[in-house]
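Here the structure comes first, spelled out in structure tokens, and everything after it is commentary.
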Number of protein chains: 2
Amino acid sequence: MIKVLLAEDQGMMRGALALLLGLEEDIEIVAQVGNGDEILPKALETRPDIALLDIELPGRSGLDAAADLRSGLPECRVLILTTFGRPGYLRRAMEAGACGFLVKDGPVEDLAAAIRRVLAGERVIDPGLAAAALGAGPNPLTQRERDVLAAAVDGATVADIAAKVHLSPATVRNYLSAAIGKTSTRNRMEAVRAARQNGWL
Amino acid sequence: MIKVLLAEDQGMMRGALALLLGLEEDIEIVAQVGNGDEILPKALETRPDIALLDIELPGRSGLDAAADLRSGLPECRVLILTTFGRPGYLRRAMEAGACGFLVKDGPVEDLAAAIRRVLAGERVIDPGLAAAALGAGPNPLTQRERDVLAAAVDGATVADIAAKVHLSPATVRNYLSAAIGKTSTRNRMEAVRAARQNGWL
DNA sequence: GGAGCCCTGGGACAAATGTCACGGGTCACC
DNA sequence: GGTGACCCGTGACATTTGTCCCAGGGCTCC
């Protein structure tokens with residue numbers, strides 16, 4: 001019997017997947033959580049064989065949680081299940097020790113199959129994505145550039161960003177300019193868009 | 001037997017919901033589509049009693065499709081099922097003739113129940129959302145202001161927008177300024193954010 | 001001890017952006 | 001016929017934004 005932990009924020013998706021996997025005779029859902037912070041505690045409590053994690057969760061992200069599990073419960077495999085097939089997500093998932101990476105676009109039948117293959121020791125990766133991940137180079141952005149860019153979402157002004165990151169406005173503009181250059185875009189919004197697209201956050 | 005058409009772009013979600021609803025003994029999925037443009041043709045072909053529509057679909061949006069069904073297949077009820085509980089979405093769904101509005105956050109059990117209640121002639125609306133919809137006033141934006149704002153997503157420059165909407169750059173800036181004023185925001189990005197939040201698009 | 005990178009700031013400048021006041025046009029409504 | 005919406009455009013203006021210089025301090029690696 002394969003014990004599964006399921007982390008997914010959309011209630012309907014979570015419920016549907018749980019019911020679905022429950023129908024498989026060799027799979028048992030031992031825990032369901034809708035928040036990233038609950039993943040590690042629940043896993044320690046229920047000792048699943050595999051954790052099925054969404055990336056974009058309230059609280060701790062699925063990628064962070066994957067790293068937590070790696071150190072806190074190493075025998076538990078991690079399978080990332082996400083809406084967005086961004087190359088950088090895949091890269092970061094692998095670095096965090098995930099054994100598989102599926103996008104939610106695919107057919108449901110893939111899911112149970114992927115779980116069994118991961119448990120068998122295989123690595124399961126969406127094939128189209130693997131190619132894209134190899135195409136996109138490594139993250140060219142510096143730590144501070146990422147911070148500033150992340151603070152620039154939804155139209156914050158330079159002053160807003162400076163306050164949020166505790167930097168001088170002049171410095172913020174320098175970082176923004178650098179990020180815009182490195183992403184080869186024309187303004188901050190395009191830069192955040194490009195950075196998110198590649199999973200550079 | 002209740003005949004259901006299911007429109008949802010995420011393959012996994014679509015498959016899971018279909019399987020789930022198929023387990024109910026009084027429900028039958030007669031069509032599944034992942035694209036808004038296929039909704040009306042498929043509905044005319046399979047004559048469902050109720051259409052379960054996501055809003056954000058490739059091609060025609062679920063709200064547009066709801067209006068199509070209203071005129072093309074009036075006996076088919078429409079139940080909107082969406083990720084985003086934006087007040088304006090609810091308003092527009094009702095104007096398009098939808099009989100129900102559910103958010104994907106809720107438990108799966110609600111879904112089959114909602115389908116039956118809609119078929120019984122009831123209107124099913126997420127209760128929290130109904131209050132929010134009454135709170136947010138009607139759309140203050142003019143047609144052109146909406147166009148310009150919609151073209152301003154993801155960091156397009158004024159020249160870009162002008163080209164996309166076939167207007168003079170100066171005029172675009174005027175509309176942008178008006179939209180910013182009406183949304184009481186500070187720049188275009190905050191304006192599009194606010195407008196989308198309220199479903200003013 | 002360099003060389004190189006990142007972090008942090010500043011100043012100066014061109015370009016883009018947001019605001020305002022002002023034209024003229026159509027159309028509906030009273 | 002007048003009033004008031006919305007449409008489309010211009011010109012002028014202050015502010016913000018993006019770019020390019022510069023400089024110092026920290027850090028690692030050779």
Side-chain angles (χ1 to χ4, degrees), chain A residues 88 91-92 95 136-201, chain B residues 88 91-92 95 136-201:
Chain A
R91 171 186 309 272
R92 284 163 57 195
E95 287 168 2
N139 192 336
L141 298 176
T142 212
Q143 178 60 46
R144 273 300 193 240
E145 288 163 358
R146 279 197 297 273
D147 295 345
V148 169
L149 219 48
V153 291
D154 41 63
T157 110
V158 172
D160 294 342
I161 303 173
K164 226 182 291 184
V165 196
H166 305 299
L167 281 181
S168 150
T171 309
V172 169
R173 300 213 279 145
N174 284 337
Y175 284 130
L176 281 177
S177 185
I180 291 170
K182 287 184 181 176
T183 52
S184 45
T185 49
R186 294 174 304 168
N187 54 48
R188 69 182 71 180
M189 284 319 295
E190 285 192 2
V192 307
R193 180 167 198 71
R196 290 221 292 200
Q197 182 62 36
N198 294 49
W200 298 337
L201 203 96
Chain B
R91 171 186 311 270
R92 283 164 57 196
E95 288 167 3
N139 192 338
L141 297 177
T142 216
Q143 179 59 45
R144 273 298 192 244
E145 287 163 359
R146 279 197 296 273
D147 295 343
V148 170
L149 219 48
V153 292
D154 43 59
T157 109
V158 171
D160 295 341
I161 304 174
K164 225 182 294 185
V165 196
H166 305 296
L167 281 180
S168 151
T171 309
V172 169
R173 299 210 283 150
N174 284 336
Y175 284 128
L176 244 21
S177 184
I180 292 170
K182 287 183 180 177
T183 51
S184 43
T185 48
R186 293 173 303 167
N187 54 48
R188 69 182 70 178
M189 284 318 296
E190 285 192 4
V192 308
R193 179 168 197 72
R196 291 221 290 200
Q197 181 62 34
N198 295 51
W200 299 335
L201 204 93

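Per chain, numbering begins at 1; letters A, B, ... match sequence-line order.
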Pairwise N/O distances under 3.5 Å, protein to nucleotides 5-7 of chain D:
from	atom 1	to	atom 2	distance (Å)
D:dC6	O3'	B:Thr142	OG1	3.1
D:dC7	OP1	B:Arg144	N	3.3
D:dC7	OP2	B:Thr142	OG1	2.9

Hey, could you give me the CG/OG1 distance between B:Leu176 and B:Thr171, rounded to the nearest 0.5 Å? 11.5 Å

Looking only at atom types and distance, does a side-chain atom of B:Asn198 sit under 3.5 Å from a main-chain N or O of B:Trp200, one as donor and one as acceptor? no

Would you tabulate the side-chain donor-acceptor contacts of residues 145-162 of chain A under 3.5 Å, counting partners in other chains and residues two or more places apart, or write 'none'?
from	atom 1	to	atom 2	distance (Å)
A:Glu145	OE1	A:Thr142	N	2.7
A:Glu145	OE1	A:Lys182	NZ	3.0
A:Glu145	OE2	A:Lys182	NZ	3.3
A:Arg146	NH1	A:Leu141	O	3.0
A:Arg146	NH2	A:Gln143	OE1	2.8
A:Asp147	OD1	A:Gln143	NE2	3.0
A:Asp147	OD2	A:Arg144	NH1	2.9
A:Thr157	OG1	A:Ala159	N	3.0
A:Asp160	OD2	A:Thr157	N	3.1
A:Asp160	OD2	B:Arg186	NH1	3.2
A:Asp160	OD2	B:Arg186	NH2	2.7

Note, A:Tyr175 side chain near A:Leu167 side chain (heavy atom, < 4.5 Å): yes

Taken to the nearest 0.5 Å, the spacing of B:Glu190 CD from B:Gln197 CD works out to 13.0 Å

When we call it a touch if two heavy atoms are under 4.0 Å apart, what does B:Thr171 touch: a base, just sugar-phosphate, or nothing? base

When you measure from the side chain of A:Thr183 to the backbone N and O of A:Ile180, does any donor-acceptor pair fall under 3.5 Å? yes

Is there any protein nitrogen or oxygen under 3.5 Å from a nitrogen or oxygen in nucleotides 15-19 of chain C, and what are the pairs?
from	atom 1	to	atom 2	distance (Å)
C:dT17	OP2	B:Val158	N	3.3
C:dT17	O5'	B:Arg188	NH2	3.4
C:dG18	OP1	B:Arg188	N	3.2
C:dG18	OP2	B:Arg188	NE	3.0
C:dG18	OP2	B:Arg188	NH2	2.7
C:dG18	N7	B:Arg173	NH1	2.5
C:dG18	O6	B:Arg173	NH1	2.7
C:dG18	O6	B:Arg173	NH2	3.2
C:dT19	OP2	B:Ser177	OG	3.2

